[in-house]
Amino acid sequence: MIFDVGRVRAAYPALRDGHAYLDGAAGTQVPDSVIEAIAGAYRAGIGNIGGTFAASARSASLVAEARRAVADLLGAVPEGVVFGPSATALTYRFAGALSRQWRQGDEVVVSRLDHDANIRPWIQAAQRAGATVRWAEVDVATGELPTAQYESLIGERTRVVAVTAASNVLGTRPDVPAISALAHAAGALCYVDGVHATPHFAVDLAALGADFYATSAYKWSGPHVGVVAADPGVLEGVRPDKLAPSPDAVPERFELGTLPFADLAGVTAAVNHLAGLGVPDNGYPASPASRRERLLASMATVQRYEAELFAHLLGGLTSMGHVTVYGKAAHRAPTVFFTVAGLAPRAVAESLAQRGINVWSGNNYALELCRALGLEPAGAVRAGLVHYNDAADVGRLLATLGDLAELSPVSLTVA
Ligand SMILES: Cc1ncc(COP(=O)(O)O)c(C=O)c1O
């Protein structure tokens, strides 16, 4: 498969404003196909589901199609795909529902690497249930989440192990299959935060050993819709608070109120867009038949493209004497967290914004990690690559940061 970034960029109208969108980790832009799918759903007419008329049936189809699309994206089954307003809201929902079964002295394991969305809901649920919270720590020198510690963290009282598939600031990808295997051996469930990982890698729930996998479509070229994918059999055993007349079946019983039907058309379009990012080259034997196969091949192409671009970005940053890069995990998403000597992260982000470069500063809700790294309260600067970024975006960031050396007390050193 080949990856043609020019073709990909042309699909995104927002990129035409000339800004370098290196803020994808906080939310991506959307391609025309997603915009059209959402507008098309409204134009065609939608109604609440379960009615007797065509518009109602159209909404039911949009929901069913979106479940199938997300199942293809994650290697899940449609009956296990739950939609909600955000990954945070869904994780609160699942933490609340799962913790009803916890008893005094039960344990949950959270990690210092995670976004707060996969920490605080578990801590608060544990407090209410009288359960104990155990922490997996980050090696601050490398940004790794050592797997070995889970052997002593997980025990027969462990109910849930919550861990990220990729850090939203350092990019670190923990060994989730090994961690989930330890959880399962102890009879615990593994809740994986896949929000940061999903746009960068082919995802397979079974290979990860994820009992629950949270993701958010707005991180992968879609609208603001949250997802949790799980084995329907596992969902059957969980009883959330819900309204009396609303469906009691799985997965509907986890979906409070009315789903955003038009946005779900956008979710399906986003998955189709990801499936088409890589295109078969001339030597490719045949276009893979199923959408799942196309997604696997396309995301593998995306991963290779992003890794190459990221190596360029990382190489440039680490050669600058006035820039400190945090984390050097062996396996990582193309996301970098750094500070510029003598300049507040917010001031760096403002300088970059003045030159049309979009990055984030602060802790990006990786609060515990930033505390462990000694970066609170200012955090650091985050630049994240996604498939629509190109060498020009990276070049602009590096050139501007190079210029900031003049404002920094540490002079630029040439490697
Ligand atoms: C790793 C990670 N987890 C969870 C979230 C929260 O996602 P949502 O905004 O859908 O609640 C984010 C958002 O930035 C994230 O990066």
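Just follow the structure's listing: the first ligand is 1, and inside any ligand the first atom is 1. Here, residue 1 is the first one in the sequence, and each next residue gets the next number. Only a predicted model underlies this, so the values are computations on that prediction, with no experimental measurement involved. For the numbers below, each heavy atom of this structure counts, side chains included, while hydrogens, waters and symmetry mates do not.
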For this session: Measure from atom 4 (C) of ligand 1 to every heavy atom in Asp193, Val227, Val225, Leu90 and give the option owning the shortest one.
Result: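 Selected option, by shortest heavy-atom distance: Asp193.
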For this session: Between Trp360, Tyr92, Tyr218, flag the one that comes closest to atom 8 (P) of ligand 1 by a heavy atom.
Result: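 Of the listed residues, Tyr218 has the closest heavy atom.
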Protein residue, atom and distance nearest to [atom], heavy-atom basis:
{"atom": "atom 13 (C) of ligand 1", "answer": "Lys219 NZ, 3.1 Å"}
{"atom": "atom 16 (O) of ligand 1", "answer": "Asn168 CB, 3.4 Å"}
{"atom": "atom 15 (C) of ligand 1", "answer": "His115 CD2, 3.2 Å"}
{"atom": "atom 7 (O) of ligand 1", "answer": "Ala87 CB, 3.7 Å"}

Exercise. Is any side-chain heavy atom of Leu352 closer than 4.5 Å to a side-chain heavy atom of Leu397?
Worked result: yes
Exercise. Does Thr400 reach the side chain of Ser351, with side-chain heavy atoms less than 4.5 Å apart?
Worked result: no
Exercise. Short list, please: which atoms of ligand 1 are under 4.0 Å from a heavy atom of Ser216?
Worked result: 8 (P), 10 (O)
Problem set entry | Interfacing atoms of ligand 1 (cut-off 4.0 Å, heavy-atom, Ser86) | 8 (P), 10 (O), 11 (O)
For this session: Could you say whether the N/O atoms of Ala117 and ligand 1 ever approach to under 3.5 Å?
Result: no
Exercise. Do the charged groups of Asp248 and Arg239 touch, with an N to O distance under 4.0 Å?
Worked result: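 Arg239 and Asp248: salt-bridged.
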Exercise. Can a salt bridge be assigned to the pair Arg112 and Glu368 using a cut-off of 4.0 Å between side-chain N and carboxylate O?
Worked result: yes
For this session: Taking atom types as modelled, find out whether His184 and Asp211 have a side-chain donor-acceptor pair closer than 3.5 angstrom.
Result: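 Yes, Asp211 and His184 have a side-chain donor paired with an acceptor closer than 3.5 Å.
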For this session: Please check if any side-chain donor atom of Ser221 sits under 3.5 Å from a side-chain acceptor atom of Tyr388, or the reverse.
Result: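 Not at all, the side chains of Ser221 and Tyr388 share no donor-acceptor pair under 3.5 Å.
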Problem set entry | Side chain, backbone, both or neither: the part of Thr88 lying under 4.0 Å from ligand 1 by heavy atom | both
Problem set entry | Spacing of Asn364 atom CG and Asp116 atom CG [to the nearest 0.5 Å] |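 Separation between the atoms: 12.0 Å.
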